[in-house]
Amino acid sequence: MNRKFLLVTTLCAFIFMAGCSEEGIKVPLEDIALVGIMGFDYIDDSKVKLSVAIPQYSPEAKKDTLVFSVATELVSKGVVDIEALSDKKIQFNQLRVVLINEEYARKGPIKETIEHLYRNPESGDKVLIAIVKGNAEELLNGDYPDKPNINFFLYDLLEPTINTAFNPNTNIHDFIYTVTNPVFDPIIPVIEKKGERIEITGVALFKNDNMFETIPPNEAHIIQDIQGHKKLAPLSLELHQGHGKESLMLDLVRSKVHIESNKSVKSPKLTITLSIKGSLIDYRGERYNHLTSLENLSELENDINKQYEQNIIQFLDKLKEQKIDPIGLSENFRMYYEGKWTKKMTEETMSKLKIDIKVNTSIISTGNLN
């Protein structure tokens, strides 16, 4: 009896182990292709060109990156086709950046595409997204002799630093959150290939799940100012306040925003107070030799306040006209509204919104100007 029981138990164990080994077969490392960057280029309403950049770590590799591209209707089908081209198992554990060319961002199902990646357990939700002005495949195949492997260079370019803090550095999680949130419209940085360089040239605004317009970095800076971001890039301004043309740059030490809402959806109004403190690190203008006294610095602070208030109002007026809300201003009314808030309500609120803006600037030092 014991022998029979032992025999049956042993056979069951072998069958179980065989089943496990069948399902848990490990693919050899040399047969795996770890994708670092994915690119999407618009072809037509039903097809997209899918490109992947795969870093090569072998010292015998002729290139540090291999790029494969296929035309496809489905992302999953495109991945299978690329596996056939590369003769390797495609994995997304090391995916860092997703590139969307501008035409696809304007016309294609970008929301569904990003959702597909967001649901993929292999790719993390911190994968960064960028809009490519031009062609993503061409950018990936470009030659950048003074830069390291493009898989790492592009990620570093899009990561927040003191010089690129103006851009929204949108990752997959950020995009899904804003595109599904009725009080936000997504924003994504725009990059462009310029010869042997890749630059961040602006920020894309979205409306109804697709790219709507591109704004310059200085307007993107306003978005982050009003959102209350703590780490901001230096503020660059041109003043036109009666002293000819003046240009300056403030290295921001602190930025604080306070927003008051009248809580009315029928006649919405916001009062925004922005307080900025920083060092004047550069200045060009007729007051260059007169910035050593507190009186002259105080006058300059007042002119900065007036100019930046004008710049902010002009930008917010544009958002109101376009009925888009990349800042999340309508949240200041939704939180007081009883009932379900919709995207249409955000558009209506933005179109009727009245805004009072007050900027308070404090220059704590003049840097190297003294």
Taking the side chain as C-beta and beyond, is there a heavy-atom pair between Lys88 and Ile54 under 4.5 Å? no
Residues Glu260 and His258: side-chain donor-acceptor under 3.5 angstrom: yes
State, to 0.1 Å, how close Ser123 and Leu95 come at their nearest heavy-atom pair, and which atoms those are. CB-CD2, 4.0 Å
Is the closest side-chain heavy-atom distance between Ile82 and Val35 below 4.5 Å? no
Are the charged groups of Arg334 and Glu331 less than 4.0 angstrom apart, N to O? yes
Polar side chain donor-acceptor pair, Ser51 to Asp41, under 3.5 angstrom: no
Quick one: are Lys193 and Tyr144 in side-chain contact, heavy atoms under 4.5 Å? yes
Does Lys111 reach the main-chain N or O of Asn208 with its side chain, forming a donor-acceptor pair under 3.5 Å? no
Using atom types as modelled and distance alone, determine if a side-chain donor or acceptor of Asp174 lies under 3.5 Å from a backbone N or O of Asn171. yes
Exam field: side chain Thr72 to backbone Val75, donor-acceptor pair closer than 3.5 Å: no
Salt bridge check: are Asp44 and Lys47 linked by an N-O gap of less than 4.0 Å? no
For the atom pair CD1 (Ile37) and CG (Asn151), what is the distance rounded to the nearest 0.5 Å? 4.5 Å
Interatomic distance, Thr346 atom OG1 to Lys323 atom NZ [nearest 0.5 angstrom]: 12.5 Å
Joint hydrophobic cluster, Ile324 plus Ile110, side-chain heavy atoms closer than 4.5 Å: no
Do Phe92 and Val79 have side chains that approach each other closer than 4.5 Å (heavy atoms only, starting at C-beta)? yes
Compare all side-chain heavy atoms of Val98 with those of Ile114 and state whether any distance is below 4.5 angstrom. yes
Name the one of Leu128, Ile188, Thr178 that satisfies side-chain contact (heavy atoms from CB on, under 4.5 Å) with Thr170? Ile188
Ser261 side chain to Asn332 backbone, donor-acceptor under 3.5 Å: yes
Can you confirm whether more than 12 heavy atoms, excluding those of Asp146, are under 6.0 Å from its CG atom? yes
Does the side chain of Ser279 come within less than 4.5 Å of Ile364's, by heavy atoms? yes
Correct closest heavy-atom pair for Leu140 and Leu99 would be CD2-CD1, 3.9 Å
Residues 323-353 vs ring pair (Phe, Tyr, Trp, His ring centres under 6.0 Å), sequence neighbours excluded, gives Tyr337-Trp341
Which heavy atom of Val48 sits nearest to which heavy atom of Ile43, and what is that distance? C-CD1, 3.6 Å
Between Glu299 and Arg287, is the side-chain contact (heavy atoms from CB on, under 4.5 Å) condition met? List the steps. CA-CA 10 Å; Glu299 182 184 5; Arg287 289 187 274 188; 3.7 Å; yes
For the pair Phe40 and Tyr104, name the ring-plane relationship: parallel under 30°, tilted 30 to 60°, perpendicular over 60°. parallel
Group every Ile, Leu, Val, Met, Phe, Trp and Tyr by side-chain heavy-atom contacts under 4.5 Å, then state whether Val359 and Leu297 land in the same group. yes
Shortest non-hydrogen separation from Asn141 to Val67 and the atoms involved: OD1-CB, 3.5 Å
Taking the inter-plane angle between the rings of Phe175 and Phe206 on a 0 to 90° scale, is it parallel (under 30°), tilted (30 to 60°) or perpendicular (over 60°)? perpendicular
Interatomic spacing from CD in Glu286 to CD in Glu246 - rounded to 0.5 Å: 6.0 Å
By the side chain to side chain donor-acceptor pair (under 3.5 Å) test, which pairs, at least two apart or in different chains, include something from residues 262-272? Ser264-Ser267, Lys269-Asp356
Can you confirm whether the side chains of Ser330 and Asp325 place a donor and an acceptor under 3.5 Å from each other? yes
NZ/NE/NH1/NH2 to OD/OE distance under 4.0 Å, Glu102 and Arg106: yes
Decide whether Leu158 and Met38 are clustered together by the hydrophobic rule: side chain heavy atoms of Ile, Leu, Val, Met, Phe, Trp, Tyr closer than 4.5 Å, transitively. no
Could you verify whether a donor N or O on one side chain and an acceptor N or O on the other, from Glu301 and Asn305, lie under 3.5 Å apart? no
If hydrophobic clusters are built from ILVMFWY residues whose side chains come within less than 4.5 Å, do Ile200 and Phe153 share one? yes
For the residue pair Asn120 / His116, report whether a side-chain donor-acceptor contact shorter than 3.5 Å exists. no
Can you check whether Gln307 reaches His240 side chain to side chain, under 4.5 Å on heavy atoms? yes
Rounded distance [0.5 Å steps], CG in Leu250 versus OH in Tyr308: 10.0 Å
Measuring from atom CD1 of Ile312 to atom CD1 of Ile223, what distance do you get when rounded to the nearest 0.5 angstrom? 11.5 Å
Pair listing, salt bridge (Lys or Arg N to Asp or Glu O under 4.0 Å) test, anchored in residues 203-214, at least two apart: Glu213-Lys318
Is it the case that over 12 heavy atoms from other parts of the model lie below 6.0 angstrom from the NZ atom of Lys133? no
Under 3.5 Å donor-acceptor, Asn101 side chain and Gly134 backbone: yes
Co-membership, hydrophobic cluster, residues Val203 and Met350, 4.5 Å side-chain: yes
Could you check Phe212 against Asp185 for side-chain contact (heavy atoms from CB on, under 4.5 Å), going step by step and ending with a plain yes or no? CA-CA 10 Å; Phe212 181 72; Asp185 289 300; over 6 Å; no
Look at the side chain of Thr113 and the backbone N and O of Pro109, then say whether any donor-acceptor pair between them is shorter than 3.5 Å. yes
Donor-acceptor pair between Glu122 and Gln91 side chains, under 3.5 angstrom: no
Euclidean distance, Asp251 CG relative to Ile281 CD1, rounded to 0.5 Å: 4.5 Å
When every non-hydrogen atom of Asn149 is compared with those of Asp64, the smallest separation belongs to ND2-O, 2.9 Å
Polar side-chain atom of Gln56 near backbone of Lys63 as donor-acceptor pair, under 3.5 Å: no
Can you confirm whether Leu319 sits close enough to Leu329 that some side-chain heavy atom of one is under 4.5 Å from a side-chain heavy atom of the other? no
Any chance you could lay out the side-chain contact (heavy atoms from CB on, under 4.5 Å) test for Leu239 and Leu300, step after step, and finish with the verdict? CA-CA 10 Å; Leu239 301 186; Leu300 180 62; 3.7 Å; yes
Passes side-chain contact (heavy atoms from CB on, under 4.5 Å), Thr214 versus Leu205? Steps please. CA-CA 6 Å; Thr214 302; Leu205 301 182; over 6 Å; no
Decide if atom CD of Glu321 counts as having more than 12 heavy atoms of other residues, nucleotides or ligands within a radius under 6.0 Å. no
Closest approach of Ala136 to Gly39 (non-hydrogen atoms, all atoms of both residues): CB-CA, 4.2 Å
